[in-house]
Each structure stands twice: as C-alpha cells, then as structure tokens.
Colleague: 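One structure, as structure tokens, below. Some questions next.
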Amino acid sequence: MAKDSEIWDVICDGPHVPMKKLGETRPIVLKDRKEYSDIDRKSVEKNYRAKKILVYSIGPDEYNRVSACDSAKEIWEVLQIAHEGTTPVKQSKIDMLTTEYELFRMKDDEFIQDMHTRSHPS
C-alpha cells in the first residue's frame, strides 16, 4: 500500500529530479545518470512506474494525447484537462448547471412523472 501512495505522490507532485550543488557560490545543477545514488535511482524509477501504469490504463486515442509527456504528472494533467476542462471551463459548466437547476419548474399542465422524465432524459 505504501508503494501505491508513493506512485500517487509522483503523479500529483511530479518526479524527483536528482540535483547536485557545484559549490558554495555556484548553482545547483542536474546530476548525470552515472552520479545517481541508489535513492536517486529508486525515486526516478517511481516516475517510470507511474507513467507505465497511466499509459497501460488508456486507449490508443488517449495515448496520442500523452505520448510526448515526460512525466506521470504531465500525463495526468493532460488527461484531466481533456476530460474535465480547464478551471474556467469547469466554472462555466457549474454556472450553467446551477442556472438550469434554479429555473427548473413543474409546468402548469404537467404531471410529476412527466416532470421527472423531463429532468432525466434518456
């Protein structure tokens, strides 16, 4: 179960990127792969496992959307936007549905069953 949680952390927070400090006054830079410690390797491997899980879980059309993504987090974000929309789109949908709900009334010549059918179209 802990491994599942670690994989989900990689999807939500992004992959671990092994870095090194060149000196006190020099910048922090990416480590070369040959400089990775065992901990670095295990952390980087979690991103590969998360990507694999996500890619194996989608169909060919979805794969075309995410095939260029480098991280599991990036894949997840692309899929979220594709299926849920951006924040403004989601807010617009909420506003539209709220208005539709607020305006929904039983018509004068309508039976309850007819109103129910109208509210749940097939």
Side-chain angles (χ1 to χ4, degrees):
M1 190 67 170
K3 292 216 184 282
D4 294 339
S5 173
E6 292 171 2
I7 296 294
W8 184 244
D9 289 343
V10 170
I11 291 170
C12 291
D13 303 331
H16 168 74
V17 180
M19 305 290 278
K20 67 180 179 181
K21 192 169 184 178
L22 294 177
E24 283 301 314
T25 59
R26 298 177 78 179
I28 296 175
V29 296
L30 290 171
K31 285 183 180 179
D32 290 329
R33 290 181 63 84
K34 61 184 178 239
E35 297 176 299
Y36 286 5
S37 67
D38 287 342
I39 293 171
D40 290 334
R41 288 185 200 293
K42 287 179 183 176
S43 295
V44 169
E45 188 177 301
K46 287 177 191 164
N47 182 57
Y48 292 125
R49 277 190 267 151
K51 281 177 61 176
K52 185 170 139 183
I53 289 168
L54 291 171
V55 169
Y56 283 10
S57 303
I58 59 178
D61 293 336
E62 298 295 332
Y63 179 78
N64 290 335
R65 262 193 198 122
V66 302
S67 61
C69 295
D70 292 325
S71 70
K73 178 181 174 82
E74 197 178 343
I75 291 171
W76 186 253
E77 289 171 349
V78 166
L79 292 173
Q80 272 187 310
I81 289 171
H83 293 280
E84 295 178 5
T86 60
T87 301
V89 169
K90 286 190 264 187
Q91 188 59 51
S92 176
K93 287 178 185 176
I94 290 169
D95 292 345
M96 182 184 71
L97 290 170
T98 301
T99 302
E100 188 177 323
Y101 169 76
E102 289 170 348
L103 296 175
F104 188 75
R105 302 274 188 269
M106 188 171 176
K107 297 177 182 175
D108 289 338
D109 60 343
E110 188 172 40
F111 292 106
I112 292 175
Q113 183 61 40
D114 296 333
M115 182 181 124
H116 182 270
T117 303
R118 187 168 46 95
S119 69
H120 295 87
S122 27

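The model shown is predicted, which means the values in this text are computed figures rather than measured ones. Hydrogens, waters and symmetry mates are skipped; everything else that's a heavy atom, side chains included, is used.
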Colleague: Do other residues, nucleotides or ligands put more than 12 heavy atoms under 6.0 Å from the NZ atom of Lys90?
Modeller: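 Counting neighbours around NZ of Lys90, more than 12 heavy atoms of other residues, nucleotides or ligands fall under 6.0 Å, so yes.
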
Colleague: If you compare all heavy atoms of Cys69 against all heavy atoms of Lys51, which two are closest, and at what distance to 0.1 Å?
Modeller: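 Heavy-atom minimum between the residues: O-NZ, 3.8 Å.
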
Colleague: Between CD1 of Ile11 and CG of Leu54, what distance do you get to the nearest 0.5 Å?
Modeller: 4.5 Å

Colleague: Specify the closest pair of heavy atoms between Lys31 and Tyr36, including all atoms of both residues, with the distance to one decimal.
Modeller: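 So the minimum-distance heavy-atom pair works out to O-CE1, 3.8 Å.
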
Colleague: Any pair with a residue in residues 69-82 that passes side-chain hydrogen bond (donor to acceptor under 3.5 Å, both in side chains), sequence neighbours left out, goes on the list, sorted by first then second residue, please.
Modeller: Lys73-Glu77

Colleague: Could you state the interatomic distance from CD1 (Ile75) to CD1 (Ile53), rounded to the nearest 0.5 Å?
Modeller: 11.0 Å

Colleague: Between Ile58 and Glu62, which heavy-atom pair has the shortest distance, and what is it?
Modeller: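 Closest approach of Ile58 to Glu62: CB-CB, 3.6 Å.
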
Colleague: Hey, any chance Val55 and Val44 share a hydrophobic cluster, counting ILVMFWY side chains that come within less than 4.5 Å of each other, even indirectly?
Modeller: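 As far as the 4.5 Å side-chain criterion goes, Val44 and Val55 are not connected within one cluster.
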
Colleague: Same hydrophobic cluster for Val17 and Ile7, using side-chain heavy-atom links shorter than 4.5 Å among ILVMFWY?
Modeller: no

Colleague: Who pairs with Lys52 by side chain to side chain donor-acceptor pair (under 3.5 Å), at least two apart in sequence or on another chain?
Modeller: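 Side chain to side chain donor-acceptor pair (under 3.5 Å) list for Lys52, sorted by chain: empty.
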
Colleague: Please name the pair of heavy atoms, one in Ile112 and one in Met106, separated by the smallest distance, quoted to 0.1 Å.
Modeller: N-CE, 3.6 Å

Colleague: Would you find more than 12 non-hydrogen atoms of other residues, nucleotides or ligands less than 6.0 Å from Leu97 atom CG?
Modeller: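 Counting neighbours around CG of Leu97, more than 12 heavy atoms of other residues, nucleotides or ligands fall under 6.0 Å, so yes.
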
Colleague: Could you check whether any side-chain N or O of Thr117 sits under 3.5 Å from a backbone N or O of Gln113, counting only pairs where one atom can act as donor and the other as acceptor?
Modeller: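 Present.
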
Colleague: If hydrophobic clusters are built by linking Ile, Leu, Val, Met, Phe, Trp and Tyr wherever their side-chain heavy atoms come under 4.5 Å apart, do Leu30 and Ile28 end up in the same one?
Modeller: yes

Colleague: Pairs in or reaching into residues 37-71: which pass ring pair (Phe, Tyr, Trp, His ring centres under 6.0 Å), with residues at least two apart or in two chains?
Modeller: none

Colleague: Counting distance only, does the side-chain N/O of Asp40 pair as donor-acceptor with the main-chain N or O of Ser37 below 3.5 Å?
Modeller: yes

Colleague: Taking the side chain from Asn47 and the backbone from Gly14, do they hold a donor-acceptor pair closer than 3.5 Å?
Modeller: no

Colleague: Taking ring pair (Phe, Tyr, Trp, His ring centres under 6.0 Å) as the cut-off, I'd like each qualifying pair that reaches into residues 81-100, sequence neighbours left out, listed once.
Modeller: none

Colleague: Restricting to pairs with a member in residues 96-111, which pass salt bridge (Lys or Arg N to Asp or Glu O under 4.0 Å), not counting sequence neighbours?
Modeller: Glu110-Arg118

Colleague: Partners of Lys20 by salt bridge (Lys or Arg N to Asp or Glu O under 4.0 Å), sequence neighbours excluded?
Modeller: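 Salt bridge (Lys or Arg N to Asp or Glu O under 4.0 Å) check on Lys20 returns Glu35.
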
Colleague: What distance do Thr99 atom OG1 and Ile94 atom CD1 have between them, rounded to the nearest 0.5 Å?
Modeller: 11.5 Å

Colleague: Check the hydrophobic clustering (I, L, V, M, F, W, Y; side-chain heavy atoms under 4.5 Å; chains of links allowed) and say if Val89 and Val78 are grouped together.
Modeller: no

Colleague: Counting heavy atoms not belonging to Tyr101, are there more than 12 under 6.0 Å from its OH?
Modeller: no

Colleague: To the nearest 0.5 Å, what is the distance between CZ on Arg49 and CD on Glu6?
Modeller: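 Separation between the atoms: 8.0 Å.
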
